Amino acid sequence: MLAMAEIAGDEAPTPPPPISGEVSTDPYTSTPASTGSNNPPLRTTKPGVKRLILTASVLLSFLVGLPFLLKSTEIHRSPLPSDAITALAHRLHSTPPSFPCGLHAVFLRSVPDRSDASLTRRLEQSISAQLQLLPATSTAGNVSVSVTVESAGGCSSSSSNVDSGWQCGTVTSADLVIGDEVFDELLHSALGSGGGDGSRVYTVVVVEVDDAEGMRIVVGKHRHAWVVGKADEVKAVSVIGKVFAKYFMNGGIEEGEAGIGKGEFMPVGSDGNVVLSFSLLNADPSDWVYDWDFEKIGERMLNPVVEALRPIAEINIESQVLYHTPKSSYSYSDDKLGGNVLSMGDIPFFVNSNEWHLDTSISATGRSKVLQFVVYIPSARECPLYLQLPDGRLSKTNAFISPMWGGVLIWNPPDCSLDSKKTHGTRKKMSSQELMETIEIFIGQLRQLFGLKPSYLSQNMDMPTKFVVSEKGFTEWELDLLYRHHARSNLLSCLTTLESLSSLVRSLPRMIVMDEIGRQVELSLEAANLAQGNATLGISDSSAVYATRARALAEDAFFHPSIMSISYASIEHYFAIYMPFFAPVSLHVLLAAIKELKRYKAERAKYSAFLASQATSS
Amino acid sequence: MAAHSRGHPAMREREFSPAGTSPYWWIRPCAGPILFLSLLFLFLFLFTAAAASAAAPEEEKFTEELLLRPLPDRKALAHFHFRSSAPPAASVGRHHHLFPKAISQLVKKYHISELELSFTQGRWNYEQWGGFDPMSTNNAKPPGVELWAVFDLPLSEIDATWKNLTHTLSGLFCASINFLESSTAFSAPRWGFKLNEGNLRYGALPREAVCTENLTPWLKLLPCRDKAGIASLLYRPSIYKGYYHSQKLKLRSSQSLGIILDQTLTVVLQPNTVSGEQLHSNHGQLQPNWSMRHLFNRKLSGKCLVSKSSRVFIEVDKGIVDNVNKSGSDLSWSNEFFVLSNSPDKLIKGQNHVEIQSSFLYVYDASNYTEEKPLDVGITWKLPLVWTCTPSPFHASRFLMGSGNERGSIALSFMSTNLHKQISGSPTDCSIKAVIFQVVPWYVKVYYHSLEIFIDGSRKTVSEVVDKIHVIPSEDKLLPGTLEMLLRFPCSMQSGTLTLDFDKGFLHIDEYPPDANQGFDIPSALVSFPEFSSARSYPEIDPVLGSPLLENFQEDSVVKSYTEVLLVPLTTPDFSMPYNVITFTCTVLALYFGSLLNALRRRIGEEERELKKTVVILKKWQLLASILYRKFVDELF
């Protein structure tokens, strides 16, 4: 400032150089003004642009610098493939994943018959027509049908693309006498590795037996069923269609019944892990204390189940014994039924979460699911304790389930009816027979929790139906059903998660999105696409595996710690930091530029006026 | 570890011995033709005995014990001890009957071979409550949370595992143990705390508050929780009213042992008696009479049904025993000094490591008592009795010196209790070893070279006193400083002092805790005396008794004591400072920028002319004003 003043002071006395700018021109312009005349002030020299350029360049540099500032203060956001997510959503909504499968009908004729291609083709068409009539299921895609008619005379198949490994001549109706379980295995071997990796082929064998009094259906534990009896073609075709649609496609769940495919949820943690936690609860140890040998018997019985469900979930089994765990609902004594009775209405209050410390598993980390299976041993006061069904009867299993939580079984100890004083404070073991029965009930509950029927006893088909029970707890066709539904529900839930993540990211423009989240989303999409691809090929188990992966990755991305924990640098915060500098400075710069521009215009007007006056005077 | 592996096989042998001796008893009365039959019997018996003994260690066990002891300062000590053990089995971590599943999963997941976690409120009074018995060396813990663990893992994986472990424990016990996750919070001592091969980690949170929310998860690990058995005495308002409260969980695990979980709760309570007026002095007055009901507001009604044994001990100190012996009466449960309210089931004499009769234990078996006939054991004093507990060789305390927020020094002082004279006469040329272990957070920057040692007021060189020293200097925001030092004091020393200078560091604004002005805690230092063992021995004890509490007392453990927690005030910033700084700097910059811009585009000559013009105008205005004023004045007068 001082230096400027000095320069100005120095300049004032010196004669102005003609092109040195406004300062030097001032004496000329001011002379007419100071004379006090009314003429507009005149300017004899061209107005200088030095200060104008200066202020303009400062303004310009500010404007140029602005994008750099914005860029440098930008928050790192990994680009999420929102297009791919919408594409996936569109694909899943327009064509929900459907698994094509095959139906192979085999007619074993006892009478020598000339079987020709026309017969098989006719049967094939009528079965297809029958399937069209039956209600379609959500997960079943195209069903391709093929028919084989085998009789003493020979064997002819319809030239369909269903790849059933049926070997003619290995099974005859005479084999039926060996019993259903063995016949089931025989059929399985006759079918070979039916389907293999490709789409699932279900086989229904119609065995014609002349001396049978009616028809009988047996559903095997693999992917086949057989019908025994004498039936005409129309009847046989309708039975085949019913068996296929009702059991193989729907798991025997009727319209309006709760079960698989009806509810959205599977009791599987979003990372694909499930812990089955078995607890033995001694309500009051002062009456009796029971222990069990779960590690031996339980493991042996449950391991096949764990193996069977592996494509859906990684299952861990744990057990513990707890003491002093009273129930929290009241039971009343009923002399007619010979014990204490707990009605259905009290069941929601049965689980006593204050006293039942069931949740002590640290192996169930993260988002894995724990299913509790509880054996409740009532105290002597409330023993024997029965569950009463709404219709007044007692529950056969004395057990109930709570969806997504697990199951409870009330086990009345054998010395229940005895005088409690005799058994005071003794420690006993549950017998292995009783433990096995208990675990069987729990396997039934697990089936129910996964949406299947606990058993098919009360099914009303028009004719006697029998089911061969698998030692795995789940038959192969039931597992197919589970895989299909699991893949479907996981894909849908993965999609919901991804969509909400993408809308969350879009709604918070200043949220940091780590690269890892972007990568997880991409991987999840990739897995989802693979799952869908496998679904269209009909490979249900690997589709289920990929769908689980897709869902786990989507959840990982959504619950990434960086999303959960960061308090976002809001736009207000941003302004609060930069305002104290930029508000006053930009005010200065703008005002200076505007002033200079105005002045320049005014001066130029003076100069042009001067030029004009000179022109008129000359 | 070493002590433990020595102890356990012996215990197992004891269990078998009765079964082993009985076959001879079978043979002797029989002779001649019956010999064959008896041999058959013998084999049968041996077989069943072997089968039984093979099956025995496969069981999970639980025992519960309570020790009550009157303290010289009119208080009472209650020490609860619960042991759950799981044998080594493949199903560990998955299938359990008594042992808490969560703990076995923890051990399995983090490959823990030893772990100790303690929650403590209050400070153990080493002068009044003793410093030379198993109770003070094993169960006196520093205030707040202390956690140490030995891992059975390669050294490179230990730090990561420790971090996960702290998070799991913090979830399990509802405490902020996860603050021990940061590398600034834990250290790896080599020999000062416990001899190890670098697989031990130690961390302490001195400020952690301990309350019922930590006790409830701890109780959840017991099979009967606090519903039955000895734990039912834990009435919260009484036990949290005490002077000292320490809740501990100790885990030991190995291939041969399985997992042993010791849960202890040590409380020092003021007996809630009617004679409240004689609280503070004990000269010539009776000690307060108390019973369980006074201490806990509860009576013991039977044992936890799944526990193998359930016992209550009443221990009388060496001081009382000496007094009683001096008077010539015997130490029955009812003698001329005191009387116990119930007759004990058993009487056990204890000896300390130099075979001196030290204490008496009266044992009650809780399984003999029921709801209708509860156990309410207590002590009633007949004569006034004054006694003291055996102190540790030196009483250690720690304090801060210096003022201001820049620097200071830590001083550790040792006051002799003249214990060696009582124990080993008074040879003047002997020396006593002491090990100091101290962890200092990084923001207290200790200059270890500034170590000065004064013995009885005169300054000694470091080499005269220090035998061995191991220092891990602190690194800013990375590592705490760890000091392990083996000292050798002359026996004749009455007082010794160590000082260390330090500078106070600056923390980043994010690193300050919510209440920064309160100051920062330096965790307790641990002083141990390796030449002194606090182990007790019980020569008359029945080996089958199998009391884990007494087993722990028998373990060879050195005498140790924790010092006070130090509170260091640090400079705390104005926490709104960053924004103030931003605003202020920006304003200055904006001012500078604006004036520079103005200076650049200023026209001095023009301004001067303008100024002149305004001066002329101003003069005209002044003239006008003066005229008007004059007119106004004229009109007034």
Side-chain angles (χ1 to χ4, degrees), chain A residues 1 3-5 7-9 11-12 22-24 26-27 30 34 50-52 54-55 58 277-278 280 282 285-286 289 291-292 294-295 298-299 316-324 355 357 360-363 365 425-427 576-585 587-589 592 595-596, chain B residues 60 89-91 93-103 105-106 108-109 168 171-172 217 220-228 302-306 367 371 578-579 582-591 593-609 612-613:
Chain A
M1 290 289 279
M4 293 294 288
I7 292 165
E11 258 178 43
E22 287 147 82
V23 179
S24 53
D26 283 344
S30 54
S34 56
K50 205 164 69 183
R51 282 176 174 77
L52 183 67
L54 189 95
T55 48
V58 170
S277 169
F278 292 86
L280 181 69
N282 287 289
S286 55
V289 181
D291 203 348
W292 58 3
F294 193 88
E295 53 265 55
E299 290 265 296
N316 290 307
I317 295 170
E318 291 174 359
S319 80
Q320 60 185 345
V321 184
L322 298 176
Y323 308 89
H324 293 281
E355 305 280 354
H357 298 288
T360 49
S361 178
I362 60 164
S363 66
T365 49
T426 46
R427 294 180 71 178
I577 286 175
Y578 292 104
M579 198 66 105
F581 179 69
F582 284 99
V585 166
L587 204 72
H588 271 294
V589 174
K595 269 187 185 165
E596 282 305 317
Chain B
E60 289 174 2
S91 63
R94 294 195 298 138
H95 300 291
H96 289 283
H97 302 271
L98 281 173
F99 197 82
K101 198 168 72 177
I103 293 296
Q105 284 172 347
L106 186 90
K108 204 177 171 194
K109 192 169 179 186
T168 310
L172 213 56
K220 234 160 89 172
L221 303 176
L222 304 174
C224 292
R225 302 197 300 288
D226 57 348
K227 299 284 169 205
K303 65 168 196 169
C304 167
L305 273 151
V306 288
S367 49
E371 193 89 51
Y579 188 68
I582 289 171
T583 328
F584 195 72
T585 327
C586 287
T587 314
V588 168
L589 277 175
L591 272 177
F593 192 88
S595 48
L596 196 73
L597 197 71
N598 276 339
L600 276 174
R601 53 172 282 271
R602 226 172 142 182
R603 296 172 178 82
I604 302 293
E606 198 178 304
E607 274 172 28
E608 270 175 2
R609 281 194 301 278
K612 273 178 202 157
K613 232 190 279 172

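Reckoned from all heavy atoms, side chains included, excluding hydrogens, waters and symmetry mates. In what follows, chains are A, B, ... by sequence order, proteins preceding strands, each numbered from 1. Because the structure is a prediction, the values reported are computed rather than measured.
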Checklist entry - Any idea which heavy atoms bring A:Ala592 and B:Leu597 closest together, and the distance? => result CB-CD2, 3.8 Å

Item to check | Considering all heavy atoms, the nearest B:Ala590-A:Pro580 contact | outcome: CB-O, 4.3 Å

Check each atom of [X] against the heavy atoms of chain B and say whether the ones under 4.5 Å are side chain, backbone, both or neither.
| X | value |
| --- | --- |
| A:Ala576 | both |
| A:Leu280 | neither |
| A:Glu355 | both |
| A:Ile577 | both |

Inter-residue atom distance [X].[atom1] - [Y].[atom2], 0.5 Å rounding:
| X | Y | atom1 | atom2 | answer |
| --- | --- | --- | --- | --- |
| B:Arg601 | A:Leu54 | CZ | CG | 10.0 Å |
| B:Lys101 | A:Ser277 | NZ | OG | 3.5 Å |
| A:His324 | B:Asp226 | NE2 | CG | 10.0 Å |
| B:His97 | A:Trp292 | NE2 | CH2 | 9.0 Å |
| B:His96 | A:Glu295 | NE2 | CD | 9.0 Å |
| A:Glu596 | B:Leu600 | CD | CG | 10.5 Å |

Next on the checklist: Looking at chain A, which one of B:Leu596, B:Thr585, B:Thr587, B:Val306 has the largest number of heavy-atom pairs inside 4.5 Å, strictly under?
Outcome noted: B:Val306

Checklist entry - Going by the angle between their ring planes, with limits at 30° and 60°, are B:Phe593 and A:Phe581 parallel, tilted or perpendicular? => result perpendicular

Sort [X] into side chain, backbone, both or neither according to what part of it lies under 4.5 angstrom from a heavy atom of chain A.
| X | value |
| --- | --- |
| B:Val588 | neither |
| B:Leu221 | neither |
| B:Phe99 | neither |
| B:Leu589 | both |
| B:Thr583 | both |

Checklist entry - Is B:Leu591 close to A:Pro584 at the side-chain level, that is, under 4.5 Å between some pair of heavy atoms? => result no

